[in-house]
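Structure record follows, encoded as structure tokens.
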Protein chains: 2
Amino acid sequence: MSDIPIDAPELEDTAAERFSQARTAQSLALLEDYTEMIDDLIRELGEARITDIARQMGVTHPTATKAVARLKREGLASARPYRGVFLTEAGIAMAERVRLRHRVVVDLLCAVGVPPEAAEIDAEGIEHHVSDVTLQAFEAWLSQKAG
Amino acid sequence: MSDIPIDAPELEDTAAERFSQARTAQSLALLEDYTEMIDDLIRELGEARITDIARQMGVTHPTATKAVARLKREGLASARPYRGVFLTEAGIAMAERVRLRHRVVVDLLCAVGVPPEAAEIDAEGIEHHVSDVTLQAFEAWLSQKAG
DNA sequence: ACAGAAATGTAGCCGTGTCTACATTGAATG
DNA sequence: CATTCAATGTAGACACGGCTACATTTCTGT
């Protein structure tokens, strides 16, 4: 069944690869969203409480607790019982990377005529699938358009 | 952010709303990917076999079987045991919508300078979060750029 | 026609992310 | 200081999407 088949075997292989990469990106999305959110809360309020995280993410507090547990497991955050949540160096680095990428994505969407409100909403899902190469292309295009 | 220490209720509410919408979009992504893939296979081979679906998606065959079961549950596909999988009218409509959107996203990425290979990979994840409003903006921008 | 290979089905496990319900702790107020 | 209430922790259920292992059916080649 290898050589006879009707059509383009190599294109099919790359399809599986693309889907696989999309699944990987998706598994990182939750970590990215939470680190950025926690970083935002710390900047604004000085600390990130579970209740605030949950409200901001639109989930219940046990869900936020589980997410923070995963962040700790992955070395992105630290937390002591009944205290706020804080980010490690790795977590802060991720938050900054995510924030930058989010802004670039929103800017690009707006630049091609997407209404700002829709840009914000869609960017929340899109950003997690923007690779470094694509991000650089976005930045280059935006700066060239501005300049 | 604001000078008042705590409340910034409206911004926070919209954040939760954005994340919620991103989660909803993600839950539809699997259905969209499978319907498009099945439609592709039917066009190319005349039918969509579980084995082909699984190989194309980069998953094992029981995973593909489960996905098809969900498609049937959602009224997007029909299948009889040991036979190929077929799409309902709703499934075909979804496949066409997804295919169009995929093309537009890839075209837009390429148009702003993303290398075609990266555009294909990233589009696989991005497309599921492109709303109708954003899609229309993409199309308008592309046609204006071409014309 | 039949035996072996390939495809498909089925069972069951695991990790994730969501929820509800209840227990416990911490903080604020009388 | 005690009481109460908000915040947090914990337990357990569910759906999903991935996997492996094994059973069954269909297809294929001689």
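Each chain gets a letter, A, B and so on, in the order its sequence line appears, and its residues count up from 1.
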Rounded interatomic separation in angstrom, taking CZ from Arg55(B) and C1' from dA7(C)
12 Å
What is the distance, rounded to the nearest whole Å, between atom CD of Glu47(A) and atom P of dG26(C)?
15 Å
For the pair made of OH in Tyr82(B) and C1' in dT8(C), what is the distance, rounded to whole Å?
5 Å
Is there a side-chain contact between Arg43(A) and Asp39(A), using heavy atoms and a 4.5 Å cut-off?
yes
Will you find, in the side chains of Glu32(A) and His102(A), an N or O donor that is under 3.5 Å from an N or O acceptor?
no
Interatomic spacing from CD1 in Ile126(A) to CG in Asp122(B) - rounded to 0.5 Å
11.0 Å
Should the pair Glu47(B)-Arg49(B) be classified as a salt bridge under the 4.0 Å nitrogen-to-oxygen rule?
yes
For DNA chain C, the residues among residues 60-70 of chain A that have a non-hydrogen atom under 4.0 Å from it:
Thr60(A), Pro62(A), Thr63(A), Lys66(A), Arg70(A)
Once you round to the nearest 0.5 Å, how far does CG of Leu87(A) lie from CG of Leu71(A)?
7.5 Å
The residue among Leu76(B), Ile92(B), Thr88(B) that forms side chain to side chain contact (heavy atoms under 4.5 Å, CB included) with Thr35(B) is Leu76(B)
5' to 3' on DNA chain D, which nucleotides open and close the contacts with chain B (atom under 4.0 Å from a heavy atom)?
dC16(D) to dT26(D)
Quick one: label Arg83(A) by what it contacts on the DNA or RNA (base, sugar-phosphate, nothing), any heavy atom closer than 4.0 Å.
nothing
Please check if any side-chain donor atom of Gln26(A) sits under 3.5 Å from a side-chain acceptor atom of His128(A), or the reverse.
no
Separation of dG15(C) P from Leu28(A) CG (nearest whole Å)
18 Å
Would you mind reading off the distance between Arg23(B) atom CZ and dT16(C) atom P, rounded to a whole angstrom?
18 Å
Partner residues of Glu127(B) under the salt bridge (charged side-chain N to carboxylate O under 4.0 Å, His left out) criterion, sequence neighbours left out
none
